[in-house]
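A short worksheet on the structure shown next.
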Amino acid sequence: QVQLVESGGGLVQAGGSLRLSCAASGLIFSNYAMGWFRQAPGKEREFVAAINLGGGFTYYGDSAKGRFTISRDNAKNTVFLQMNSLKPEDTAVYYCAAGPHTTDVDRTYGYWGQGTQVTVSS
């Protein structure tokens, strides 16, 4: 079955960096757009970034622009999210997702990982 497994979360001080990874299995990875979303306690799920099948097109939510970079390695079935200049408001559970379109609409993604916690201390 399809599995998306995120890793790389943790506790970091404000201004620091983290690199999240999402390893996919059970699907033809290069056939799927990949997205990152996040959800903080008491808040709705928020779009962070997306990348198209080949990696040549990326799309970012307002909170990620200029600080986060999404990339993918189709040979390793993995998508990454490099997060720099982290702020306390970036604290959330981060989820990767796979779907047919490079979009910020979460319902278009059919497969989801279990999430990885990112905590940014002030």
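Here the structure is a predicted model, which is why all the values come from computation and not from measurement. Residues take their numbers from the sequence shown, with the count starting at 1.
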Quiz item: Are Tyr95 and Val48 joined in one hydrophobic group, where the rule is that I, L, V, M, F, W and Y side chains link up if heavy atoms are under 4.5 Å apart?
Solution: no
Quiz prompt | Leu86 reachable from Val93 in the ILVMFWY side-chain graph, under 4.5 Å edges | solution = no
Self-check item: Any donor-acceptor pair under 3.5 Å from Thr116 side chain to Gly9 backbone
Solution: yes
Self-check item: Val5/Cys22 under side chain to side chain contact (heavy atoms under 4.5 Å, CB included): CA gap, chis, key distance, verdict
Solution: CA-CA 5 Å; Val5 180; Cys22 171; over 6 Å; no
Quiz item: Can you tell me how far the CD1 atom of Ile51 sits from the SG atom of Cys96, to the nearest 0.5 Å?
Solution: 12.5 Å
Practice problem: Look only at the side chain of Glu6 and the backbone of Gln114, and say whether a donor-acceptor pair between them is shorter than 3.5 Å. | Solution: yes
Practice problem: Without swapping roles, check the side chain of Tyr60 against the backbone of Ile70 for a donor-acceptor pair under 3.5 Å. | Solution: yes
Quiz prompt | Distance, nearest 0.5 Å, that separates CG of Asn77 from CG of Leu27 | solution = 7.0 Å
Quiz prompt | Joint hydrophobic cluster, Met34 plus Tyr59, side-chain heavy atoms closer than 4.5 Å | solution = no
Quiz item: Roughly how far, to the nearest 0.5 Å, is the CZ atom of Arg19 from the CD atom of Gln82?
Solution: 6.5 Å
Exercise. May I ask you to check whether Tyr109 and Tyr32 place their ring centers less than 6.0 Å from one another?
Key: no
Self-check item: Backbone of Phe57 reached by a side-chain donor or acceptor of Asn52 within 3.5 Å
Solution: yes
Quiz prompt | Arg67 (side chain) donor-acceptor with Ser85 (main chain) under 3.5 angstrom | solution = yes
Quiz item: How close do Thr108 and Val105 get, heavy atom to heavy atom, and via which atoms?
Solution: OG1-O, 2.8 Å
Quiz prompt | Side chain to side chain, Met83 and Tyr94, heavy atoms closer than 4.5 Å | solution = yes
Exercise. Answer with yes or no whether the side chains of Arg72 and Ser30 bring together a donor and an acceptor at under 3.5 Å.
Key: no
Quiz item: Heavy-atom distance under 4.5 Å between the side chains of Thr102 and Thr58, does that happen here?
Solution: no
Quiz item: What distance do Glu44 atom CD and Arg38 atom CZ have between them, rounded to the nearest 0.5 Å?
Solution: 13.5 Å
Practice problem: Would you confirm whether Thr91, through its side chain, and Val120, through its main-chain N or O, come within 3.5 Å as a donor-acceptor pair? | Solution: yes
Quiz item: Which heavy-atom pair separates Ala14 from Ser122 by the least distance, and what is that distance?
Solution: CB-CA, 4.4 Å
Quiz item: At what distance, to the nearest 0.5 angstrom, does OH of Tyr111 lie from CD of Gln3?
Solution: 12.5 Å
Exercise. Write down the atom of Ser63, the atom of Glu46, and the distance for their closest heavy-atom approach.
Key: OG-OE2, 3.1 Å
Quiz item: Are any of the side-chain heavy atoms of Val2 and Ser25 separated by less than 4.5 Å?
Solution: no
Quiz item: Would you say Asn74's side chain and Leu53's backbone share a donor-acceptor pair under 3.5 angstrom?
Solution: yes
Quiz prompt | Donor + acceptor pair across side chains of Asp73, Thr78 (<3.5 Å) | solution = no
Quiz prompt | Side-chain ion pair, Asp90 and Lys87, N-O less than 4.0 Å | solution = no
Quiz item: How close do Leu81 and Ala49 get, heavy atom to heavy atom, and via which atoms?
Solution: CD1-CB, 4.2 Å
Self-check item: Shared hydrophobic cluster for Leu20 and Phe68 (ILVMFWY, side-chain gaps under 4.5 Å)
Solution: yes
Quiz item: From Phe80 CZ over to Ser7 OG, what is the distance, rounded to the nearest 0.5 angstrom?
Solution: 9.0 Å
Quiz prompt | Aromatic ring proximity Phe47/Trp36, centre distance under 6.0 Å | solution = no
